Amino acid sequence: MLPFYTKFYAEQEPFNRALGFAYDALVHSGIPFDANAAWAGLSTRVSQGIYMGEGLLLPHTRISKLPQPLMAFAVCPAGFTGVKTRGDELGQFLCLLLSPAESAMAHTVAIANMAKLLLNAEWKAKALAVTTDDEIKKLFE
């Protein structure tokens with residue numbers, strides 16, 4: 001799955017700010033969805049915890065009548081700030097995922113594929129070595 005938005009942060013970045021930019025990009029992706037309902041669902045999910053391990057912050061929600069999954073991905077080797085992780089681990093990857101509510105399979109597959117990438121030590125090292133937004137996008141091709 002190709003992200004609609006990719007972003008590289010050279011220095012520490014506040015999680016909420018990075019999430020806002022990623023969400024705005026998905027809202028303006030050209031794929032129609034109820035942005036207010038999606039934000040409400042996303043906010044609820046973020047309040048429940050979104051740290052998945054391996055440096056991955058995975059804010060996600062399912063949206064009624066969304067025609068396809070939407071993903072935004074950001075890399076911040078220095079770490080996103082202002083977000084709770086287990087054992088104060090460093091959150092270096094932000095994957096914002098919006099999935100169709102009608103397809104649990106699409107949601108589960110997208111999350112599993114993201115986890116598989118970050119468990120691949122070679123892919124993770126390449127992701128942490130990027131220096132541009134375009135280099136991030138190329139990791140998914």
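Owing to the predicted nature of the structure, the values given are computational and were not obtained by experimental measurement.
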Sort out for me which residue in Arg62, His60, Arg45 forms a side chain to side chain contact (heavy atoms under 4.5 Å, CB included) with Leu97.
His60
Test your reading of the model: is there a side-chain donor-acceptor pair from Ser103 to the backbone of Pro100, 3.5 Å cut-off?
no
For the atom pair NZ (Lys124) and CG (Leu128), what is the distance rounded to the nearest 0.5 Å?
6.5 Å
Same cluster or not: Leu2 versus Leu139, using hydrophobic residues (I, L, V, M, F, W, Y) connected whenever any side-chain heavy atoms lie under 4.5 Å apart?
yes
Give every donor-acceptor pair under 3.5 Å between a side-chain atom in residues 14-27 and any protein atom, sequence neighbours left out.
| residue | atom | partner | partner atom | Å |
| --- | --- | --- | --- | --- |
| Arg17 | NH1 | Glu13 | OE2 | 2.9 |
| Tyr23 | OH | Ala35 | O | 2.5 |
| Tyr23 | OH | Trp39 | N | 3.3 |
| Asp24 | OD1 | His28 | ND1 | 3.2 |

Under 4.5 Å between any side-chain heavy atoms of Thr44 and Gln48, yes or no?
yes
Distance check, rounded to the nearest 0.5 Å: Leu58 atom CG versus Met114 atom CE?
8.0 Å
Side chains of Thr6 and Asp134: does their closest heavy-atom pair fall under 4.5 Å?
no
Of all residues at least two apart in sequence or in a different chain, which pass the salt bridge (Lys or Arg N to Asp or Glu O under 4.0 Å) check with Lys137?
none
Same apolar cluster (I L V M F W Y, side chains within < 4.5 Å links), Leu118/Met1
yes
Sorted by chain and residue number, the ring-ring contact (aromatic ring centres under 6.0 Å, His included) partners of Phe140 (sequence neighbours excluded) come out as Phe73, Trp123
Closest non-hydrogen atoms of Thr61 and Ala38, given as atom of the first, atom of the second and distance, are CG2-O, 3.8 Å
Distance-only donor-acceptor hits, side chain of residues 76-96, under 3.5 Å, sequence neighbours excluded:
| residue | atom | partner | partner atom | Å |
| --- | --- | --- | --- | --- |
| Thr85 | OG1 | Glu89 | N | 3.0 |
| Thr85 | OG1 | Glu89 | O | 2.7 |
| Glu89 | OE1 | Tyr51 | OH | 2.7 |
| Gln92 | NE2 | Pro77 | O | 2.8 |

With Glu122, which residues qualify under salt bridge (Lys or Arg N to Asp or Glu O under 4.0 Å), at least two apart?
Lys126
Could you pull out all residues at least two apart from Ser99 that satisfy side-chain hydrogen bond (donor to acceptor under 3.5 Å, both in side chains)?
His107
ring-ring contact (aromatic ring centres under 6.0 Å, His included) partners of Tyr5, counting only residues at least two apart:
none
Is Leu117 reachable from Leu57 through a run of I, L, V, M, F, W or Y residues, each pair having side-chain heavy atoms under 4.5 Å apart?
no
Applying a strict under-4.5 Å side-chain criterion to I, L, V, M, F, W and Y, I'd like to know whether Ile50 and Met52 cluster together.
no
side-chain contact (heavy atoms from CB on, under 4.5 Å) involving Glu11 - partner list, sequence neighbours excluded:
none
CD1-CD1 distance between Ile63 and Ile31, expressed to the nearest 0.5 angstrom
11.5 Å
What residues, two or more places apart in sequence or in another chain, satisfy side-chain hydrogen bond (donor to acceptor under 3.5 Å, both in side chains) together with Thr131?
Glu135
Are side-chain heavy atoms of Pro69 and Leu98 found at a separation under 4.5 Å?
no
Those residues that, when tested against Phe8, pass ring-ring contact (aromatic ring centres under 6.0 Å, His included) (two or more places apart):
none
By the rule that ILVMFWY residues connect when side-chain heavy atoms come within less than 4.5 angstrom, directly or transitively, which residues belong alongside Met105?
Val109
Run the side-chain contact (heavy atoms from CB on, under 4.5 Å) test against Leu119 and tell me which residues pass, sequence neighbours left out.
Glu54
